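In what follows, every chain begins at residue 1, and chains take the letters A, B, ... in the order their sequences are listed. Everything numeric here is computed off the predicted structure, so don't read it as measured data.
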2 protein chains.
Amino acid sequence: MAREPGVRREAILDSAATLFASKGVAATTVRQIADDVGILSGSLYHHFDSKESMVDEIVSSFLKDLQHRYAQVLAQETDARRRLHDLVVASLKVVEEHPHATEIYQNDVNYLLQFDRFGYLRNAGRQVQNAWLTVIEAGIAEGTFRADVDPKILYRLMRDAVWLSVRWFKPSADHPISSLAEDCTSLFVDGLTNRAKN
Amino acid sequence: MAREPGVRREAILDSAATLFASKGVAATTVRQIADDVGILSGSLYHHFDSKESMVDEIVSSFLKDLQHRYAQVLAQETDARRRLHDLVVASLKVVEEHPHATEIYQNDVNYLLQFDRFGYLRNAGRQVQNAWLTVIEAGIAEGTFRADVDPKILYRLMRDAVWLSVRWFKPSADHPISSLAEDCTSLFVDGLTNRAKN
DNA sequence: GTCTATAATGAGATAGAC
DNA sequence: GTCTATCTCATTATAGAC
């Protein structure tokens with residue numbers, strides 16, 4: 001059997017991400033992380049420079065995945081409703097793939113932005129906004145979406161609804177993310193109004 | 001001029017709330033609060049038992065206001081769309097009145113729930129959910145709202161969209177909260193779809 | 001009601017043996 | 001790669017003078 005470099009490293013990131021997500025980065029101590037892994041806190045520093053380096057790696061890989069998926073959606077040339085749905089699906093898949101990182105980002109961006117090394121989070125946020133605005137504005141231009149509400153406001157309402165689902169939605173066989181994605185798109189696009197023909 | 005007891009106390013709570021909201025409760029030190037007020041950290045303890053007592057007072061008054069406003073909405077006997085809109089308005093007024101407390105609650109509930117003294121936050125969350133579910137389910141029963149999406153999912157999507165607006169919405173003469181409230185209700189109820197007669 | 005001074009603790013991080 | 005041991009510093013909180 002080949003040795004597996006970085007397995008312990010991954011285990012540390014896993015424990016760290018779980019703790020960061022559940023109590024916040026600032027409130028999580030390196031000792032708690034080490035305890036969870038089953039080593040002593042000093043040993044963490046063989047793998048990582050600092051607590052912030054752990055956060056950085058967790059959040060970076062989340063954002064990398066996110067950017068990749070959003071780029072794929074934007075590359076498609078389809079109707080607005082379809083692309084909006086694809087953005088929702090892409091977001092929810094990232095949530096599924098990086099639930100802890102998502103929660104860390106949602107809860108602790110402001111805290112992290114205090115550190116210079118996390119300045120890149122500002123750009124990331126801007127890119128996400130651009131992706132949604134592109135789709136929303138295309139939809140308005142093609143006449144599919146209404147033009148009487150500011151696209152930025154629409155974006156922010158949808159963004160928070162979609163991303164914050166990380167706090168409560170646990171995918172299951174009964175309710176996969178595809179089902180939540182349908183509900184989201186359907187709610188945003190069609191609204192709550194009952195349009196059943198009777 | 002009469003002396004004004006509690007003025008300094010209020011100033012401390014103001015500084016604390018601002019700092020808690022912007023960097024998180026755990027990452028805010030009593031020294032930073034004292035600095036902001038213009039006194040030394042030891043002097044804070046003449047007014048408060050602990051840092052957590054400050055958070056407690058900030059969050060409690062927020063929740064008290066919230067419960068009061070929601071109760072008023074639920075006491076009305078009107079149609080579902082109207083009551084849903086009233087819940088949105090009530091929420092946004094609480095956001096306007098307690099922006100820092102709202103942000104603290106949104107970002108740090110998980111952290112606070114670690115402390116026994118904040119156990120009451122669980123109940124508060126449940127009460128809020130009940131208020132929204134009551135209105136949504138009444139709307140489905142009366143045929144106004146569609147029945148094909150789980151009310152709990154609708155609630156959570158709307159809740160996060162509405163409450164998280166505290167992070168980005170700054171009321172102005174041009175865009176008062178009534179305007180955001182209209183946009184929210186209109187988006188949720190009518191959807192993004194362009195229904196203009198042409 | 002605020003200050004000075006400090007106690008008590010726990011934090012992130014390091015050095016070097018194993 | 002982990003442990004032992006420890007450093008250094010910041011943290012919450014207190015005691016008592018003013």
| query | Out of C:dC3, C:dA13, D:dA13, which nucleotide sits closest to the side chain of B:S43? | reply |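 Nearest nucleotide to the side chain: C:dC3.
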Give the rounded distance in Å between these two atoms: [atom1] of [X] and [atom2] of [N].
X: B:I12; N: C:dT2; atom1: CD1; atom2: C1'; result: 11 Å
X: A:K51; N: C:dA11; atom1: NZ; atom2: C1'; result: 9 Å
X: B:K23; N: D:dA10; atom1: NZ; atom2: P; result: 14 Å
X: B:I33; N: D:dT11; atom1: CD1; atom2: C1'; result: 12 Å
X: A:L44; N: D:dT4; atom1: CG; atom2: P; result: 14 Å
X: B:D35; N: C:dT2; atom1: CG; atom2: P; result: 14 Å
X: A:F48; N: C:dA13; atom1: CZ; atom2: C1'; result: 15 Å

Any side-chain N or O of [X] under 4.0 Å from OP1/OP2 of [N]?
X: B:R9; N: C:dG1; value: no
X: A:Y45; N: C:dA13; value: yes
X: B:H46; N: C:dG1; value: yes

| message | Applying a 4.0 Å non-hydrogen cut-off, can you work out what B:S53 is touching in the nucleic acid: base, sugar-phosphate, or nothing? | response |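 No contact at all - B:S53 keeps every heavy atom at 4.0 Å or more from the nucleic acid.
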| message | Between A:L40 and A:R31, which residue's closest nucleotide on DNA chain D lies nearer the 5′ terminus? | response |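 Its nearest nucleotide being more 5', the pick is A:L40.
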Scan side-chain atoms only and decide if [X] and [Y] contain a donor-acceptor pair under the 3.5 Å cut-off.
X: B:R83; Y: B:T134; value: no
X: B:Q76; Y: B:T78; value: no
X: A:T18; Y: A:S15; value: no

| query | Within 45° of the axis and under 6.0 Å from the centre of the six-membered ring of A:Y155, does NZ or CZ of A:R159 qualify? | reply |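 Judged by the rule (NZ or CZ under 6.0 Å from the ring centre, within 45° of its axis), A:R159 counts as positioned above A:Y155.
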| request: Would you give the length of the straight line joining atom OG of A:S22 to atom CG of A:L19, rounded to the nearest 0.5 angstrom? | output: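 Reported value, rounded in 0.5 Å steps: 5.5 Å.
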| query | Of B:G38 and A:T29, whose nearest nucleotide on DNA chain C comes first from the 5' end? | reply |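 Closer to the 5' end of DNA chain C: B:G38.
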| field | 5' priority, DNA chain C, between A:Q32 and A:D49 [closest heavy atom] | value |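 The 5'-side residue here is A:Q32.
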